[in-house]
Amino acid sequence: MASIDIQNVKKAYGHVQVLHDIDLKIKDGEFVVLVGPSGCGKSTLLRMIAGLEGVTAGEMRIDGKRVNDLHPKDRDIAMVFQSYALYPHMNVAGNMSYSLKLRKAAKEKITAAVAGAASKLGLEALLDRRPRALSGGQRQRVAMGRAIVRQPKAFLFDEPLSNLDARLREQMRAEIKKMHGELKATSIYVTHDQIEAMTLADRIVAMFGGVVQQVGAPLELYDHPANMFVAGFIGSPGMNFLEATYAGGSVTLADKTVVTLPGALALEDGAKVTVGIRPEHVVLAAEGEGMAATVDLVEPTGFGIILHLSLHGLAFKVFTTDRAALSAGPTVHVGFPSKQIHVFDSSGVRANPVAPQA
Ligand code: ADP
Ligand code: MG
C-alpha cells in the first residue's frame with residue numbers, strides 16, 4: 001500500500017479551470033473521502049490519481065515517486081466499480097483471477113492470490129458461485145477481491161453505491177468500512193452524499209467549485225466547519241443561517257434578538273455576519289423562557305421531528321426527538337445556546353475559532 005501526495009495540482013479543459021491548486025497528503029492505509037456537490041471536480045481528481053486524466057500543473061506522487069507522466073497501468077492503482085461490473089459468466093474465482101490470467105501470471109501464484117483475498121473477505125465458500133447467485137454485499141466483496149489480487153497500491157472508488165436503493169446502500173457502506181478495517185488499504189472514495197462521507201472517512205476532503213474547502217476528521221467538519229459551504233453541506237437537516245451584526249462579543253439578529261457569544265471574536269463592531277446554528281442544537285424552552293417563534297410546519301421523520309419555525313419573519317428549523325413537539329404550535333419558545341453558535345464573516349469564513357461545545 002502507499003501514500004499519495006498531491007501538490008499544487010491544477011486541471012484545465014481548454015480555458016476552463018476545473019481544479020484549483022489542490023494540496024493533499026494521503027497517508028498509507030488512510031480512508032479519504034472526497035465529498036461535494038455534482039460538478040465540483042471529485043471524479044476529475046480521482047481520475048488524475050488513476051492516470052486517466054492528465055495533470056495540467058503540479059505534482060502527483062505515489063509512494064514518493066512522481067507519477068504525472070506514468071501510464072495508468074503502471075501506477076498499480078485499482079478502481080473499484082459497482083457490483084454489476086463482475087463478469088456474469090465467470091464464477092467468483094474466475095472473476096477474481098481474471099486480471100492475473102491476463103498478465104499471464106503463474107498458476108500457483110494466481111491460486112494463492114485468490115485464496116488469500118477470499119480468506120480476507122470471507123469468500124472461501126463462494127468461489128464456485130456465479131455473481132447472480134450472490135447477495136449485493138457478496139458481489140461488492142468479489143469486486144474488492146478482484147482488485148486485491150492485483151495487490152494495488154491504492155483503491156479508488158467513484159460513487160460506488162449511488163445506483164443502489166437506500167437500504168442496500170446502508171448495508172454496502174458498512175461492508176466497505178469493515179473491509180477497510182481488515183485490509184487497511186489506502187483508499188480514496190468519491191461521493192456527493194455527506195452521510196457516506198461522515199460514516200466512512202478517516203478524513204473528509206470537502207470540495208466546491210474545484211477548490212478544497214476543508215480537510216479533516218468527520219466530526220471536525222461537523223463541529224468546526226471552516227466556512228459556510230462546509231457548514232451547510234455537512235449535516236442533515238442543514239444548518240440554519242441567519243443574518244446578524246456583530247458587536248462586543250454579541251450578535252444581533254435582524255429581528256433585534258441579541259445572542260451573547262462565549263467569547264469575543266476578531267471582528268470589528270458593526271461587522272455584518274451570518275450566524276449558523278444546527279437544527280439539533282436549537283433548544284425548545286418552556287413558556288416564559290427563550291424567544292417565541294411561530295410554528296410553520298411539523299415534519300415527523302420517525303426518529304425525530306423537524307419543526308419549521310419563524311422568529312419575526314426569520315425562518316429556521318429545529319430537530320428534536322421529543323414527540324411532544326408533534327403537537328407544537330401555534331408558538332413555541334426557543335433558545336440558541338451560545339456555545340453552539342457558529343459565526344461566519346461577510347466572506348463566509350468561520351469567525352469563531354473556538355470549538356462550540358456540547
Ligand atoms: P464531480 O465528479 O464532482 O461531479 P467532475 O470531476 O465530473 O465533477 O467535473 C468537474 C467539472 O469539470 C465539471 O464542471 C465538468 O463539467 C467539467 N469536466 C469534466 N470532464 C470534462 C471534459 N472532459 N471536458 C470539459 N469539462 C469537463
Ligand atoms: Mg463524479
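Atoms within a ligand are numbered from 1 in the order they appear, just like the ligands themselves. No hydrogens, no waters, no symmetry mates; every other heavy atom, side chains included, goes into these values.
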Original post:
For the side-chain contact (heavy atoms from CB on, under 4.5 Å) test, which of V32, I204, I176 pairs with Y189?
Top reply: I176
Subject >> Backbone N/O of H312 and side chain of D255: donor-acceptor pair under 3.5 Å >> reply: no
**OP:** Check whether any side-chain heavy atom of R139 lies under 4.5 Å from a side-chain heavy atom of L86, and answer yes or no.
**Re:** yes
What side-chain donor-acceptor pairs closer than 3.5 Å can you find for residues 55-64, not counting sequence neighbours?
unit_1: T56; atom_1: OG1; unit_2: A12; atom_2: N; d: 2.9
unit_1: E59; atom_1: OE1; unit_2: R61; atom_2: NE; d: 3.4
unit_1: E59; atom_1: OE1; unit_2: R61; atom_2: NH2; d: 2.7
unit_1: E59; atom_1: OE2; unit_2: R66; atom_2: NE; d: 2.8
unit_1: R61; atom_1: NH1; unit_2: G64; atom_2: O; d: 3.1
unit_1: D63; atom_1: OD1; unit_2: S3; atom_2: N; d: 3.3

Subject >> Pairwise side-chain contact, R203 with K27, heavy-atom cut-off 4.5 Å (strictly under) >> reply: yes
Original post:
What pairs meet the salt bridge (Lys or Arg N to Asp or Glu O under 4.0 Å) rule with one or both residues in residues 168-181, with sequence neighbours excluded?
Top reply: R141-E175
Original post:
Hey, are E53 and K11 close enough for a salt bridge, meaning a charged N less than 4.0 Å from a carboxylate O?
Top reply: yes
**OP:** Compile the protein residues with any heavy atom at a distance under 4.0 Å from an atom of ligand 1; present them by chain, then by number.
**Re:** Y13, V18, P37, S38, G39, C40, G41, K42, S43, T44
Original post:
Below 4.5 Å, heavy atoms only, C-beta onward: do T260 and S338 meet side chain to side chain?
Top reply: no
**OP:** Could you pull out the N/O/S protein atoms under 2.8 Å of the Mg ion (ligand 2), ignoring any water?
**Re:** S43 OG
**OP:** Would you please classify the geometry between the F336 ring and the F316 ring as parallel, tilted or perpendicular, with 30° and 60° separating the classes?
**Re:** perpendicular
